[in-house]
Structures are given as structure tokens and as C-alpha cells.
2 protein chains.
Amino acid sequence: MTTIGFETHDHRACVSEAMTKAEARCAASDLRLTPVRRRVLELLLVDHRALGAYDILGHLSAEGLGTQPPVAYRALDFLVKAGFAHRIEALNAYIACAHLGADHTPAFLICRNCRSVAESDTAPSQGRLGVAARDAGFQIEHTVIEAQGLCPACQTGNAA
Amino acid sequence: MTTIGFETHDHRACVSEAMTKAEARCAASDLRLTPVRRRVLELLLVDHRALGAYDILGHLSAEGLGTQPPVAYRALDFLVKAGFAHRIEALNAYIACAHLGADHTPAFLICRNCRSVAESDTAPSQGRLGVAARDAGFQIEHTVIEAQGLCPACQTGNAA
DNA sequence: GAACTAATGTTATAACATATCAATACTGAA
DNA sequence: TTCAGTATTGATATGTTATAACATTAGTTC
């Protein structure tokens, strides 16, 4: 289990690396990384935080890539389905996947102060939730695990 | 860990029992279960499924208890803060607490077909998520755990 | 180049949620 | 019992998130 998110790093390299991986996966899986989709993924990667659909739309609109909500939602849906981004339910927002390519059940650590998000891998079907589901006869298809709180940086004074 | 939700039961008794507990807790904790709040809790208990704020508002409005969104949201906020109800992030909806009174971190099993919701208790701080958070230096304040899939009843033919 | 599928453009509206300020009701103390 | 303080409700407006529906364009295959 690796958690990716709060440590500092060479962000420019991290973005371009992720874009390269995404392109490779699209080529391999016959998915089309069109200009809008590509740009939305870049925006998510660069910001490294959860962005709302209308934040995204603001950027797109400023860049002449589209002005109406469906433009943003379609691109985000594509990225989420392709596994390039995740939706954060507790924020109604979206974030680039930190484990690009790997099929996984992510868990998120969401800072309520700076909105940064760390992504951690889990195996819920092996945990308590999985046991509870089996006991109840429930068939899990998708799991949302989101912890809210304070990231390391925001614990030192600047939080609410 | 107990999961409450999909088994059949004497629902009328379950509702009145929960209302009694809620009343007792309000009396003990100096909380006011006003007519609107009381009615909203009843609606959630009776339906036994996740209801949207505007579903609630529809009932209230039909009963002359209020017509504007804040009426529903205030009542729901009260119930959530008091621990009498939970918000389901993945549905933008609300459900009565199945463990009325106990302080807990609930996990939900949500049927995508019939929208019924089972509530299970967990201890996330002792699980993988807790480990990941400690490793990352993240201070968890609140955890959302929601599994989506098919309940036992909806697995037999009538699902999508 | 016709037929098919995927993606985009466009309009409209649905669904969810909160800010703000005024009015009223309840509570406890002088 | 009236005053001050606090909690609740009433009311209006608006902000935010998301999708339905249908027309058009682009890309792919035969």
C-alpha cells in the first residue's frame, strides 16, 4: 500500500510522466485522448488538488476549448472511466489518478484546509467492509473511501 | 460489527422505537426535537432508504411544514449533527441512523437498484486507512466509507 | 463514398445547496 | 414579568453541481 500526495517532488516531471503514461495507455487500449480530454487531464495533474467541474470548465472556456457544462463533464467522465482520474464524492470534485494505469480501489486523504488530496491504495474486499458485505449478502461493485482531516502542512498553525 | 439493513423486520416497531430513543436523547442532551425535525426523522425512518433533501421537502410541503429548501436542510443538518441521521455522499442523500445514539463511524452498503442502504459499523482508524494516514502524517477527522452494488433482493433478476 | 460509431456543439433545465436578513419563540436571570 | 440573549423559523434570492436531449461533425470500416 503506497500513499501518494503530501510529499514534495519534481512536479513538472511528474506531470509529463503521467501524460506519457496516459498516452501510451490510450494507444494500447484504443481510447482517444482528444484535445479537451488531454487538456483536462493536464489541468488535474498540474493542480494536484481536487478541482470541481466548473473550475475545469473555467479553464477550458478561457482557452477556447468549450463553454458549456457537458464539455467538462464528458471529459471528466472519460478520464474517470479510463482510470486516469477519480471523483471525490465528499467534494463533488475530481482529481488525477496517482497510480496511473493500475486497476485499483483508491482511498483518499482529503485536507479540509488546502483541499490537497493524497491517494492511497486499499483492498476493501479483504477488510472489515468486505466481511460485512459478505455477511449481508451484498455484492460490492464499487467502493468509496474518503477520509477528511488535516494534511501535515495544515496541522501547523494555519488550519481552522 | 453489526450490519443493519437488508433483513426483514417489524418496521412499525423499529420506527417507534427509534423515535423514542431520539426523544430520550434530545431530553438528555438539551436538544430540541421540533415538529419539523421530528417529522423529517420519521420520514427517514419510515422510508428506510436514502432520501434526497428535496424528497423530504416534498413531504414537508404537502404537510404544511415548510416549502423552501432551507427548511429541509436545516432539519437534516440538525439530525446529522445530533447523530440521528447520516449523509450519503455518493447519493447526495440522507438516511436515518441505524445505531441511534451510539457514537460511531458508519460504513454503508448502497444498492444501486433499489437505493436501500445498510449501515455497518467500522473502525477505520484501526484498519489500512488508519495506517496509511499515520504514515502520511495525516490527521483524520471524519471518514466516508460507502460501497455501492446490489443488495440480496436485487441480485435475483430484477437488477440492471 | 456510404454506413456506422464516437465525439462535440448547443440549448435548456434538473438537482442539490447556501447566504442573508427579518421575525418569532424559548430560556434564564434580574 | 420583563429584559436580554440565543435558538429557531420564515422568506427571498442565488449559487453550485449535473444531466437530458437533439443536432452536427469527425473518424473508421467496408
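Proteins get letters first, then strands, A, B, ... in listed order; numbering begins at 1 in each.
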Query raised in the report: Can you hop from B/V144 to B/Y94 via hydrophobic side chains spaced under 4.5 Å?
Result: no
**Report entry** Side-chain heavy atoms of A/C97 within contact of A/E119, under 4.5 Å
**Finding:** yes
Query - Nucleotide range of DNA chain D lying under 4.0 Å from chain B heavy atoms - result: D/dA7 to D/dT12
Query raised in the report: B/R32 or B/Y54: which one's nearest nucleotide on DNA chain D is closer to the 5' end?
Result: B/R32
**Report entry** Whether B/Y73 stacks on the six-membered ring of C/dT18 base, 5.5 Å and 30° limits
**Finding:** no
**Report entry** Short side-chain N/O contact from A/T67 to OP1 or OP2 of C/dG9, under 4.0 Å
**Finding:** no
Query - d(CG, B/D77; P, C/dT18) in whole Å - result: 7 Å
Query raised in the report: Of A/L91 and B/V36, whose nearest nucleotide on DNA chain D comes first from the 5' end?
Result: B/V36
Report summary line: By nearest-nucleotide position on DNA chain C, the 5'-leaning member of A/F78 and A/P70 is A/F78
Query raised in the report: Would a 4.5 Å heavy-atom cut-off, applied to side chains only, mark A/D47 and A/L43 as touching?
Result: no
**Report entry** Rounded interatomic separation in angstrom, taking CZ from B/R74 and P from C/dT18
**Finding:** 12 Å
Query raised in the report: Hey, does the side chain of A/R25 reach the backbone of A/A82 with a donor-acceptor pair shorter than 3.5 angstrom?
Result: yes
Report summary line: note: B/E89, atom CD; C/dC16, atom C1'; distance rounded to Å ~ 12 Å
Query raised in the report: Rounded to whole angstrom units, what separation is found between the CG atom of A/L33 and the P atom of C/dA7?
Result: 11 Å
Query raised in the report: Quick one: do B/E89 and B/R87 make a salt bridge, cutoff under 4.0 Å?
Result: yes
Query raised in the report: Is it true that A/L45 and A/L79 fall in one hydrophobic cluster, defined by side-chain heavy atoms closer than 4.5 Å?
Result: yes
**Report entry** For atom CG of B/D55 and atom C1' of C/dA17, their distance in whole Å
**Finding:** 15 Å
Query raised in the report: A/L31 has an atom CG; how far is it from atom C1' of C/dA6, in whole Å?
Result: 12 Å
Report task. To the nearest Å, give me how far apart CG (A/L60) and P (C/dT8) are. Result -> 11 Å
Report summary line: Whole-Å distance, A/K81 NZ to C/dA7 P, equals 10 Å
Query raised in the report: Do any N or O atoms from the side chain of B/R37 and from the backbone of B/F78 form a donor-acceptor pair under 3.5 angstrom?
Result: no
